[in-house]
Amino acid sequence: MSEYAISVASNMGMIAFVALSAYVILVVGEISFGQQAYFGIGAYMSGAATAMWGWPFGLALAVGSLSAAAAAFAIGALTIRLRGLYFAISTLCFAEMLRLWLNSVHVRVEVDGEMVGPDGAEGFGDIRWIFENDVTPLEFMFIIYGLLGAVLAFLLLVERSRLGAALRMVGQDPLLARSQGIDASACKLLAVMFAGLIAGLGGGLYAHFATYIEPNVFNVMLGVHGLAYGLIGGLGTALGPIIGVVLDIGFLEGIRAIQGYRMIVFGGLVAILLIVMPRGILDETRVYRIKRWMRRT
Amino acid sequence: MVDFIQTTIDGLSIGSAYSLIALGFTLVFGVMRRINLSYGPSIMLGAFAGTWIFVTLDAQPWLVAAVTVAGTVAVGVYVERVCFWAIRRDAAIASMVSSFVIWMQLEEVATILLPGRTYPFPELFRTGGVEIGPYFFRMEYVTTLTVAILVLVMLRLLLFKTRFGLALRAVSENPAAAAYMGIRPGRVIFRAFVLASLIGGIAGYLLLAADQQVTPYFGLWATFKGLIAMMLGGMGSIPGAVVGGLILGVIESQTQWYLGNAYKDLSSYLVLFMVLVLRPGGLLGQGIAEREAQAFRRI
Amino acid sequence: MLEVRDLVTAYGTIEALKGVTLSAKQGEITCILGPNGAGKTTLMYSIACILKPVSGSVKVNDTEITGTSAPHALRCGIALVPENRLVFHSMSVEENLMAGAYTRLSSDRAGVQADIDNAYARFPSLKDRRAQIAGTLSGGEQQMLAVARAMMSRPKILMMDEPSLGLAPLIVAEIFSIIRQLNDEGVSIVLVEQNAHKALQIANRFYLLDQGRVTFSGTPGEIGEDDFIQRAYLGSKVA
């Protein structure tokens, strides 16, 4: 694989975390414009863990994703009674507050005679774990896809379980779910927290892949792209968001001919897709049909 | 004290333009219970059409204004057809995501049209403003405030004194019942979209003429300001949009004055977040919150 | 007056009406009875051109209106009082009435004003509340408003979907006397009702609808003869 292909593939893998995280919230019937915040928290925390505190990479990723999950839990608990657009805007508010606040966070410590740490709008550079440990881009890509695969497998397992059915029911009809004895608020909170965890994990990977992060990376465009990928791929299965990412970055990035007009082509294609399939390519009905077909053959 | 009042005056003037954008949002949301994320970008593209004739033909400010408004309406019609008319009535999320990808499209069209980042926008007046006692009124702000009040009065007349206004309110409340009366909801939605674009185009022109420049980021900026102002006041509520816009303008100018530029945006998000958590229906939208949310949830 | 022939209406692949034929005569009260899910409301919507039927025809005074638009059906003289009334809660009583005359609001201002005055003459309680927001009216008043609103289009045929739903017996009696009064003035009525006893007292002709088909039709006098229908839909003997 060429350098360029590896970098595109790695980017795809990392944004897939955001898409999956947006998807988990879509499943419980809410929309989030703010998953980039948890991606950012994961990036800053795990970046700090390796670069500032010298922790091992695995522990750093865990710290990043757990702190993102904790933040998601706190914000989720505050906004749990909001629905629909109100919920969506509250997530956006939090994400933008975080981003703007990061612009004024300066925590610099001396490591090996150099100052590292978040420096407000100047960003947070020198997250050098990948260099210090001689990890090649290809190896790092495997780490990304290994973790992505694990998250995906876990999500697919959950979807087959009773919990998965409960989450989907909450998304379709919270009143019905409540009448079935399902605690809709608890389900939502769980989904929000888990979505935070996934995004945080992706963010941790991103910090070490890019070695330099700044608050503006985690702007609303990142989150809304993730959301769009989730919907394009389809709300029927966790594979949907992956399809969305592959379609946009993998497919359209590949077509050099439309460079410069990429968003016009992509925007038009997605708009048409949504007219024909308003719940994405792999929606619930199609997933059900595919499963039935696979069982038969 | 003089500073505080002066800042409030400036905030109210900018806020009146926010109110207009929020009005456009709330009109469209009220009539179809869906969100048009491309609203700001439509205004931006309209403004790019305006600045294009300004840069290439050195057009007069009034012509730039006309082109800006007309451009916004044209783009608004495109967005309505693609993201809302063509998508099933019950697919609110699909409409919203569709309006987002169209936004990306519009932004790219703008950068292809004018490949630079920043373009000049003609100022309205060369004179600075008026002084009354210790207070200074910037001419642009006075114009913005006057036009905003004018638009509001006309909108009120339109909504409460005309046949179209009756139909628009009927569809906002209950599209099915409106259809039984022989009102065509699709047509009303389309006209509401045109009306919202008209208002948005005017607001965009006023804001940009005060700034004297336009960038592709104006789309994002306008969508955010409009959304925040609308949510502050309460979705679908016209007085809410006006009040929300004014409050947003004052909060911004006060924090900018007392805390500095860095906290200007942060404070408006913080206030909105707190309003959402403590009073989910917005300041004026009590009780309707649950109904709106339910309508919106029919994905 | 109203002729419905072999009407088939479907939601996706599910046929709610599987070929309904019925007719409502000039100046009569035609009643449509049937259990929940029989397709009564679907039938009303199809006649009023709110739903597009798959096949079949709807004729008003020998004019074909099948598959045209709701405004067109309204102009042909069909008005609908929907189930649950659906008055516009945030609008005043008078604005609700104006909405009822929407199709001729700009062309016939004077006529609309005259009709509003007529409505107030018929429903004096609405006149007292003309500026009041409709959402604050009682259930009975809202039903009156819904009827008055539908009458604003000067219909020849007034279709009413469950007008007695959720109302107290006294109010129901009032509503039924209004229906009778409108009928006496020459408006043909098509009435969908769960309250079969009440409905059969004023109906000239009735149809039983079950699973999208007409299973029985006749005059209220004939219904007593068929024991099955009585047991299935009425419970006890008709007085």
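Proteins get letters first, then strands, A, B, ... in listed order; numbering begins at 1 in each. Since the model is a prediction, treat every value here as computed from it, not as a measurement.
The contact between A:Ile264 and chain B is made by backbone and side chain atoms together, counting heavy-atom distances below 4.5 Å. Contact annotation for A:Phe94: both backbone and side-chain heavy atoms come within less than 4.5 Å of a heavy atom of chain B. Only the side chain of A:Val220 comes within contact range of chain B, with at least one heavy atom under 4.5 Å from a heavy atom of that chain. Heavy-atom distances place the side chain of B:Ile112, and not its backbone, under 4.5 Å from chain A. Residue contact with chain B, scored on non-hydrogen atoms closer than 4.5 Å, is absent for A:Leu98. For B:Leu37, the part lying under 4.5 angstrom from a heavy atom of chain A is the side chain only.
Most heavy-atom pairs under 4.5 Å with chain A, from the set B:Leu266, B:Thr111, B:Ile228: that is B:Leu266. Of the listed residues A:Val224, A:Leu78, A:Thr79, A:Leu269, the one with more heavy-atom pairs under 4.5 angstrom with chain B than any other is A:Val224. Between chain B and the residues A:Arg99, A:His225, A:Met277, A:Glu96, the largest count of heavy-atom pairs under 4.5 Å involves A:Glu96. The candidate from A:Val276, A:Val270, A:Asn103, A:Ile272 with the greatest count of non-hydrogen atom pairs under 4.5 Å with chain B is A:Val270.
Ion pairing between B:Lys225 and B:Glu252 holds under the 4.0 Å rule for side-chain N and carboxylate O.
Looking at A:Arg83, its side chain does come within 3.5 Å of a backbone N or O of A:Ile80 through a donor-acceptor pair.
Taking the six-membered ring for Trp and the full ring otherwise, B:Phe100 and B:Trp103 have centroids separated by under 6.0 Å.
With contacts defined as side-chain heavy-atom distances shorter than 4.5 Å, the pair B:Leu106/B:Ser42 qualifies. Using a 4.5 Å heavy-atom threshold, the side chains of A:Ile198 and A:Tyr38 count as separate.
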Atom pairs and distances, donor-acceptor, side-chain atoms in residues 226-239 of chain A, under 3.5 Å, two or more places apart:
from: A:Tyr229; atom 1: OH; to: A:Asp248; atom 2: OD2; distance (Å): 2.3
from: A:Thr237; atom 1: OG1; to: A:Leu239; atom 2: N; distance (Å): 3.1

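Contacts of A:Asn11 classified as side-chain contact (heavy atoms from CB on, under 4.5 Å), with partners at least two apart in sequence or in another chain: A:Ser7, A:Met14, A:Phe209.
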